[in-house]
Amino acid sequence: MRSKSMLARLLVFTLCGVFLFGGAAFGADKVIKIGTLFPLTGPSAVSGQNCLNSLLAAVEVINNAHPELDMPLAAKAGLLDGYKIELVKADHQGKPDVAKSEAERLYNQENVFAIIGSYNSSATKPASAVAERAKKLFLCGASSSAALTERGYKYFFRHAPTDAIESEEFTDYISWLNKEKNAGIKTLGLFYENSEFGKHAADEAKKAAKEVGLEITADVPFNVGATNLSSEVQTLKAANPDAVFGAALGGDYSLWVRTMKQVNWLPKIAINYCTGYQNPAVQKELGADGNYFMGGMSFSPELAEKFMPEALVVQEKFYRPLANQPFDSDSVQEAVMLMILGQAIEKAGALDTEKVREILASETFVSPLSLSGEVAFAPGGQNIKALSVITQIENQKYNTIYPEKFKDSEVIYPMKPWDNR
Amino acid sequence: MGNFLQVLIDGLLNGLLYALVAAGLSLIWGVMDVINFAHGEFLMVAMYLSYWLGFLLDIDPFISWIAGGIFLFLLGAVTYRLIIKNSLGKAAMAPLLATFGLSMLLKNFCMNVFTPNFRLLSGNWLEGRTIAFGGAIVPLPQLVTALFAFAVLGVLYWMLKKTRLGWAIQATAMDKEAAELMGIDTERIYLLVFGMGGACVGIAGSLMTSYLAVYPEVGGLFSLIAFVVVALGGFGSIPGALLAALLIGLVESFSGFYIAAVVKYVAVFAVYLGVILLRPRGLFGW
């Protein structure tokens, strides 16, 4: 009797298993697995999690029908004839070696069709090398090191403007300020994290500064996650450059700003690459101390209102419930890359890596989440339509101050000193 | 001269903070021969506690250090009772791995509950206040934190040298069995030492919230520097920890300004290796 009862229980379990897992297996046929590789833990975890949330928002747009959205892939549910995107998430902790091994795992064991990532340029570099060797697609939203698209890779595509583009934009702006506002900016200080991203940004800044005759009087790299930035800021203060270009992520950015306040020093202007400056959460914590700093951006809620209305809808409906804040300039670019990949798959008509790669390399894509409204890639994978503007933050609002076409506010120059705010 | 004085002050202030962070570790390591790998995460927990007390209840870090000290004392004592006690006397690596596991647990718990966001407490009593001194600027939050550090280390030193409890702790550190034969309850001493170690880092973490951002990874480099301070100063020595921490703070500050900011930690670890090579038991080891 007892063995019969046991047999009956086993049968029920087996049937449940067949219904639950068998059903999932049958459903899994129409799934496109996309790997996501971001720093979900470690010093850049805030930005990494924002990037992932941004991708989850894009997945929602693609997988379900949203006829109310005026953007490609929104009207129907899924891709091709009903394929759904499934994200396979991986965490590289901000470490290049982990990024490389996780990319290998995603391609070889998880069999993902493509990877989107990896925020830190230092992690994107080895992870995309894995993709290139395996002839698999690697799409990058926010990593800005120009070196990434100078390798001649065929399977790598990047949305963000490079540090080279931003450096030229920053020095152009300084020239404009000198000419139009008689700003008298002659010297430049560089403050950057000692990483692939920071060092490359500094190299590009040096080249751009030379072009316009700016003298570099302080060259200050720092260690990521330092316990204090006293010596670094003291070095900047001693050199007292007119302008500073900054490349400090998250907590390092807020520590930098607070340390400058402690020693009561500011340059006339401070312009930031893709850093803690662009992160609304960091600015919220800094409050009024964050005011008057500047940075290159390709997205802000204020810009979106004028030039990217659909991005605001996606933000409010799908991103904010996950991230509890608006899109930032970095994270939104990861969503763009998934939308572009989706369009390329649709145009290819099949999940064929080579066909999709050819389409990515040759066509121009409509992109309502991008400031330029479209995306096209040059050989090597750089988005030639990439656009960024210079903003200045005031009471946690990003005012666009340059170029003239996008400008919505006058610059506050020079930055107001700490003891006069 | 202004620069030199500023660099000197920065080095001393940072050094005193390192001393307070390292004191608890030194005590635990010196008495129990246990390396607490979760020390940095204890610091992080104290910072979160102080942050939330400030954010939700408007309690300034210069008050909430009391809560931080008590809470971390209890956390240290519970850690000893539930984790360390069971791993002592087993494989040599068992306590070390157990505290490593605890560090992962605490870090990931905070990562999931509080998210990896950087949280900066605003509106503190001393926020943005400075004292001008001979051309240098002394930030008051750091100065008061450093003075607290000095006072806590003084109390700890006095307790170890002048009280019966302190003598019992020293006796337990020197020879546990002999101490037991003399009637010392070494189990209780271990529990108290782990608790006191937690309290020191709890006070440090709470005070640091007055000028540093809190996030789940904040303890990483602080704990690494604390290990260097303890090994340099000598295991279990509070004056050793103080002098080593001041040395580390000054080396970091001067090398960072006069050589290059990026080499400041290189210089710190080079000094550490040099001292250990010449005097393996540290400057004042038991």
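Quick caveat: nothing in here was measured; it's all calculated off a predicted structure. By convention in this document, chain letters (A, B, ...) are assigned in the order of the sequence lines, proteins followed by strands, and residues within each chain are numbered from 1. Hydrogens, waters and symmetry mates play no part in the numbers below; they use all other heavy atoms, side chains included.
- Considering every non-hydrogen atom in both A/Gly251 and B/Phe118, the closest pair reads N-CZ, 2.9 Å.
- The two residues B/Phe257 and A/Ser231 make their nearest non-hydrogen contact at N-CB, 3.8 Å.
- Contact detail for A/Gln234 and B/Asn3: the closest heavy-atom pair is NE2-OD1, 3.8 Å.
- Counting non-hydrogen atoms of other residues, nucleotides and ligands closer than 6.0 Å to CZ of A/Arg421 gives a total above 12.
- The environment of B/Tyr258 atom OH is dense: over 12 non-hydrogen atoms of other residues, nucleotides or ligands sit within 6.0 angstrom.
- When side chains are defined from C-beta on, B/Ile225 counts as touching A/Thr227, because their heavy atoms get closer than 4.5 Å.
- Contact record, B/Leu221 with A/Gly225: CD2-O, 3.6 Å, taken as the closest heavy-atom pair.
- Looking at B/Tyr18, the atoms closer than 4.5 Å to chain A (heavy atoms on both sides) all sit in the side chain, from C-beta outward.
- If you measure heavy-atom distances from B/Thr130 to chain A, the contacts under 4.5 Å come from the side chain alone.
- Rounded to the nearest 0.5 angstrom, A/Leu229 CG and B/Asp10 CG are separated by 11.0 Å.
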Please report, to 0.1 Å, the donor-acceptor pairs under 3.5 Å made by any side chain of residues 37-48 of chain A, with sequence neighbours excluded.
from, atom 1, to, atom 2, distance (Å)
A/Thr41, OG1, A/Asp91, OD2, 2.7
A/Ser44, OG, A/Asn120, ND2, 3.2
A/Ser47, OG, A/Tyr119, OH, 3.2

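- Put simply, the side chain of A/Gln262 does not reach to within 4.5 Å of the side chain of B/Ile137, judged on heavy atoms.
- For the residue pair A/Glu285 and B/Leu120, the shortest heavy atom distance occurs at OE1-N, 2.6 Å.
- Heavy atoms from other residues, nucleotides or ligands lying under 6.0 Å from CZ of B/Phe100 number 12 at most.
- Here the shortest heavy-atom pairing between A/Asn223 and B/Ala261 reads ND2-O, 4.4 Å.
- Ranked by heavy-atom pairs under 4.5 Å with chain A, the list B/Val218, B/Val214, B/Val262 is led by B/Val262.
- Residue contact with chain B, scored on non-hydrogen atoms closer than 4.5 Å, is absent for A/Lys284.
- Residue contact with chain A, scored on non-hydrogen atoms closer than 4.5 Å, involves the backbone of B/Leu121 exclusively.
- Within a 6.0 Å sphere centred on NZ of A/Lys125, heavy atoms belonging to other residues, nucleotides or ligands number 12 at most.
- The number of heavy-atom neighbours closer than 6.0 Å to NZ of A/Lys268, taken from other residues, nucleotides and ligands shown, is above 12.
- For a residue to count as touching a neighbouring chain, one of its non-hydrogen atoms must lie under 4.5 Å from one of that chain's; by this rule A/Glu232 touches chain B with backbone and side chain alike.
- Close approach to chain B, defined as a heavy atom under 4.5 Å from one of its heavy atoms, is seen in no residue of residues 323-332 of chain A.
- When the shell of 6.0 Å around CG of A/Asp419 is examined, it contains more than 12 heavy atoms from other residues, nucleotides or ligands.
- Around atom CZ of B/Phe269, more than 12 heavy atoms belonging to other residues, nucleotides or ligands sit under 6.0 Å away.
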Begin from the C-alpha positions of A/Asn228 and B/Glu252 and carry the test side chain to side chain donor-acceptor pair (under 3.5 Å) through to its verdict. CA-CA 10 Å; A/Asn228 64 75; B/Glu252 180 191 290; 2.6 Å; yes

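- In this structure, A/Lys416 places its NZ atom where only 12 or fewer heavy-atom neighbours from other residues, nucleotides or ligands lie under 6.0 Å away.
- Looking at heavy atoms from C-beta onward, A/Gln93 lies out of side-chain contact with B/Glu217 at the 4.5 angstrom threshold.
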